[in-house]
Amino acid sequence: MILFNMLKDSDPAMAKEVETRASLIDGDYHISQTKSRRQNIIDFFACYLSGVTYVPLRYDIHPNGLNEIIKIIESNSLEGIQAIWSTSGTTGESKLVCHKRESIEWAVLQSIKNWGYTKDDFVYCSELPNSTAILMITLPAILVGADYLIKKFNNDDVRKNNFTMIGWIPEIVEMLDDDHSFKGTRVTMGGDVVKQIHVDKLNGVDKWWASWSMTEVLMPGLIGVNNLIMNPYDGYEVKINEKSELLIKGPGLMLGYLGKDRIGEWFNTSDIWEEVDGGYKFIQRAQSKVWHS
């Protein structure tokens with residue numbers, strides 16, 4: 001219960017809400033569907049506290065999609081699964097990624113350590129309610145007692161506030177123009193979004209991390225500090241096969257996809273990488289993947 005104990009210290013009022021919510025949750029799993037990002041956080045902790053499998057989904061998911069997910073969940077064992085995240089469906093099929101309690105706790109605690117969160121930070125949390133980014137941005141901010149803003153991404157929110165810590169999403173690339181500065185901000189970014197021309201515009205940034213991860217991995221599998229050339233994060237190992245696909249293993253690796261065989265020691269990400277002097281360089285998502293709106 002390490003995360004809940006930290007919550008009791010950092011936000012006793014929220015911890016009481018969590019205890020009340022946990023007493024109302026019954027069954028083997030709980031589907032969290034809400035527009036409220038704060039309620040999503042409470043649902044996460046309530047499931048964590050009660051041992052129920054947490055399943056966050058978009059509030060506007062199509063009924064057919066919801067029914068299909070419920071059908072898969074109810075026809076499989078949930079033993080040892082603390083949370084199930086639905087992937088974005090970049091392969092044409094949304095998969096249900098299963099994580100155990102230990103990998104979730106590890107990801108949150110490593111995020112606090114790696115990104116350097118403190119109670120003096122002002123953190124911008126713009127992730128979707130069903131995103132695993134909650135483990136890297138929102139939960140760490142809450143657990144250290146930092147000030148934070150949980151809100152759907154809005155350029156004006158970023159422009160008018162002096163955030164200490166901000167997660168990188170594609171829309172921020174559009175803000176890298178002459179009229180905005182991220183000076184003094186610590187920035188996390190994904191390797192598949194950011195190009196060198198973007199980071200060249202990050203004048204005055206205190207520190208930024210180029211990182212690569214997936215829902216299946218949790219935490220950056222590879223990371224570069226002030227550099228787009230990345231290396232395996234603490235505890236991870238990577239290798240590149242003959243197709244230039246990245247294979248990875250480590251403490252944040254998923255148990256597997258629900259309804260499918262659990263993965264082995266190594267997970268093939270299908271993403272294309274290149275080994276260069278000093279580390280690894282992200283090239284592209286696998287060519288067979290197709291983005292869907």
Side-chain angles (χ1 to χ4, degrees), residues 1-15 17-19 21-22 30 32 37-56 80-86 97-150 164-169 186-190 209 211-223 232-236 248 250-255:
M1 287 298 133
I2 184 170
L3 301 185
F4 182 69
N5 289 335
M6 292 174 68
L7 179 66
K8 288 194 292 185
D9 290 336
S10 65
D11 194 333
M14 180 180 283
E17 288 187 64
V18 168
E19 290 175 323
R21 182 67 170 145
H30 173 70
S32 180
R37 285 154 173 75
R38 189 176 189 279
Q39 184 60 54
N40 186 261
I41 299 295
I42 291 172
D43 281 356
F44 166 84
F45 275 116
C47 291
Y48 174 77
L49 184 61
S50 61
V52 170
T53 300
Y54 167 72
V55 188
I81 300 174
Q82 179 63 72
I84 299 173
W85 276 280
S86 176
V97 177
C98 302
H99 278 284
K100 58 185 178 180
R101 177 185 294 256
E102 290 80 3
S103 61
I104 293 171
E105 290 177 337
W106 178 85
V108 175
L109 296 176
Q110 286 292 315
S111 296
I112 292 172
K113 174 184 175 182
N114 188 69
W115 309 137
Y117 288 98
T118 75
K119 63 180 179 59
D120 297 322
D121 283 336
F122 181 30
V123 183
Y124 187 72
C125 311
S126 60
E127 67 273 12
L128 295 171
N130 65 317
S131 169
T132 55
I134 186 179
L135 305 181
M136 277 67 86
I137 301 176
T138 310
L139 290 185
I142 291 173
L143 293 179
V144 301
D147 290 330
Y148 55 92
L149 177 65
I150 304 178
T164 311
M165 186 74 182
I166 188 165
W168 194 273
I169 59 176
R186 301 199 308 279
V187 182
T188 65
M189 54 181 67
W209 297 268
S211 63
W212 169 91
S213 188
M214 302 174 72
T215 305
E216 289 87 343
V217 174
L218 294 189
M219 274 302 291
L222 293 98
I223 187 170
Y233 185 69
D234 292 348
Y236 278 108
I248 187 167
L253 197 60
M254 67 176 177
L255 292 167

Problem - Heavy-atom side-chain contact between Met165 and Trp115 under 4.5 Å - result: yes
Exercise for the section: Report yes if the side chains of Leu49 and Met1 come closer than 4.5 Å at any heavy-atom pair, otherwise no. Expected result: yes
Practice task
Taking the side chain as every heavy atom from C-beta outward, state whether Val217 and Ile248 have any pair of such atoms under 4.5 Å apart.
Solution key: yes
Exercise for the section: Using a 4.5 Å cut-off on heavy atoms from C-beta on, say whether the side chain of Phe44 contacts that of Pro56. Expected result: no
Practice task
With the side chain counted from C-beta on, respond yes when Glu17 and Arg38 share a heavy-atom pair under 4.5 Å apart, and no when they do not.
Solution key: yes
Exercise for the section: Examine the side chains of Tyr54 and Asn40 and answer whether a donor and an acceptor come within less than 3.5 Å of each other. Expected result: yes
Practice task
Please work out whether the ring planes of Tyr233 and Tyr236 are parallel, tilted or perpendicular, with thresholds of 30° and 60°.
Solution key: tilted
Exercise for the section: Salt-bridge test for Asp147 and Lys119: reply yes if a basic N is under 4.0 Å from a carboxylate O, no otherwise. Expected result: no
Problem - Minimum side-chain heavy-atom gap Met136-Asn114 below 4.5 Å - result: no
Handout entry: Any donor-acceptor pair under 3.5 Å from His99 side chain to Thr215 backbone
Key = yes
Problem - Heavy-atom pair with the smallest gap, counting every atom of Asp43 and Ser32 - result: OD2-OG, 2.7 Å
Exercise for the section: May I ask you to check if Arg101 and Tyr48 form a cation-pi contact, with NZ or CZ under 6.0 angstrom from the six-membered ring centre and within 45° of the axis? Expected result: yes
Practice task
Report yes if the side chains of Arg21 and Gln39 come closer than 4.5 Å at any heavy-atom pair, otherwise no.
Solution key: yes
Practice task
Identify the heavy atoms of Cys47 and Thr53 that sit nearest to each other, and give their distance.
Solution key: SG-O, 4.4 Å
